[in-house]
Amino acid sequence: MSQTVCRLPVATPAGIFSAEYTARGLADLSFPLSDGEQSSPAEGRRPTPEIRRWHALTIKAVLAALAGKTPLQPPPLDLSQGTAFQQGVWLALQNIASGQTRSYGEIAAELGKPGAARAVGAACGANPIPVLIPCHRVLAAGGKLGGFSGGLEWKRLLLEREGAACGP
DNA sequence: CCCTAGCGGTGCT
DNA sequence: AGCACCGCTAGGG
């Protein structure tokens, strides 16, 4: 269920992201591949008019995020592939304003599971839509940077662009 | 700084 | 059921 309908490129000054859509919305956003390998420009079925509309929103939102601005209207997100816990985490992440940060433990507590900081980290790592779902705004306790599946350089860059305090 | 124990969720066997 | 992962954390050298 909820298969990928098509994959489209998102060109930015920082490289070409890749967006995957299902009938429900944006389901995956990948960072630009490391120098060298190219992804095919597009894959899957030809985008429907609806998906083309969503994709325009995706492009705007990603560009805005990379510029440190808060995108006004992101596309609908299809998070149905996640477990209930992961969806809870991803929802909580979307409530962190640009420039703000939380710790993994704080997110866990917010979800009523105070001991689940590590699980929150795992859920952040499973976030299919980085940048738009701002998993980079979650730091380790004590203001330390913590990890980032897309590479810590991205985490630092995104935090810096939105003027967040990140680490000593 | 390092190391250790304990933690919750997830996926594989 | 068991087990081995993890973007963690608190506590102790």
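Bear in mind that the values here come from a model prediction, so they are computed numbers and not experimental data. Convention: sequence-line order gives letters A, B, ...; per-chain numbering from 1.
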(message) For A:Leu79, is there any backbone N or O sitting under 3.5 Å from a side-chain donor or acceptor partner on A:Gln87?
(response)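 Here the side-chain-to-backbone pair exists.
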(request) Output all residues satisfying side chain to side chain donor-acceptor pair (under 3.5 Å) with A:Tyr21, sequence neighbours left out; order by chain, then residue number. (result)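 Listed in chain order: A:His55, A:Thr58.
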(request) Look at the aromatic rings of A:Phe31 and A:Phe17 and report parallel, tilted or perpendicular, splitting at 30° and 60°. (result)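 Tilted, since the angle between the ring planes falls between 30° and 60°.
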Which part of the nucleic acid, if any, lies within contact of [X], taking any heavy atom under 4.0 Å across all strands shown: a base, the sugar-phosphate backbone alone, or nothing?
X	value
A:Val120	nothing
A:Tyr104	base
A:Ala117	sugar-phosphate
A:Gly115	sugar-phosphate

(message) At less than 3.5 Å, do the side-chain atoms of A:Arg118 and the base atoms of B:dG6 form a donor-acceptor pair?
(response)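 Counting by modelled atom types and ignoring angles, a donor-acceptor contact under 3.5 Å is found here.
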(request) Would you check if A:Tyr104 and A:Cys124 make a side-chain contact, meaning some heavy-atom pair closer than 4.5 Å? (result)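 Yes; the side chains approach each other to less than 4.5 Å.
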(request) Would you please test A:Leu93 and A:Arg137 for side-chain contact (heavy atoms from CB on, under 4.5 Å) and show each step? (result) CA-CA 8 Å; A:Leu93 296 186; A:Arg137 293 179 189 145; over 6 Å; no
Between [X] ([atom1]) and [N] ([atom2]), how many Å, whole number?
X	N	atom1	atom2	value
A:Ile96	C:dG7	CD1	C1'	13 Å
A:Leu152	C:dC6	CG	C1'	15 Å
A:Leu139	C:dC8	CG	C1'	13 Å
A:Lys113	C:dC8	NZ	P	19 Å
A:Arg102	C:dT9	CZ	P	14 Å

(request) Kindly express the pairing pattern of DNA chain C in dot-bracket notation, using | wherever a base pairs with another strand and counting only Watson-Crick or G-U pairs under 3.5 Å. (result) ||||||.||||||
(message) Side chain of A:Val138, heavy atoms from C-beta onward: which of C:dA10, B:dG8, C:dG7 has the nearest atom to it?
(response)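 Given the options C:dA10, B:dG8, C:dG7, the side chain of A:Val138 is closest to C:dG7.
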(message) Working note: A:Leu139 + A:Lys144, criterion side-chain contact (heavy atoms from CB on, under 4.5 Å); need CA distance, chi angles, decisive distance, verdict.
(response) CA-CA 6 Å; A:Leu139 308 181; A:Lys144 291 184 304 256; over 6 Å; no
(message) Both A:Ala122 and A:Ala140 contact DNA chain C. Taking the nearest nucleotide for each, which residue is further toward the 5' end?
(response)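 The residue mapped nearer the 5' terminus is A:Ala122.
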(request) Using the C1' atom as the reference point in each nucleotide, state the distance between C:dC6 and B:dC7 in Å, no decimals. (result)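 Taking atom C1' in both C:dC6 and B:dC7, they lie 12 Å apart.
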(message) To check you understand the geometry: which heavy-atom pair defines the closest contact between A:Trp90 and A:Asn127, and what is its length?
(response)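 Reported closest heavy-atom pair: NE1-CA, 3.5 Å.
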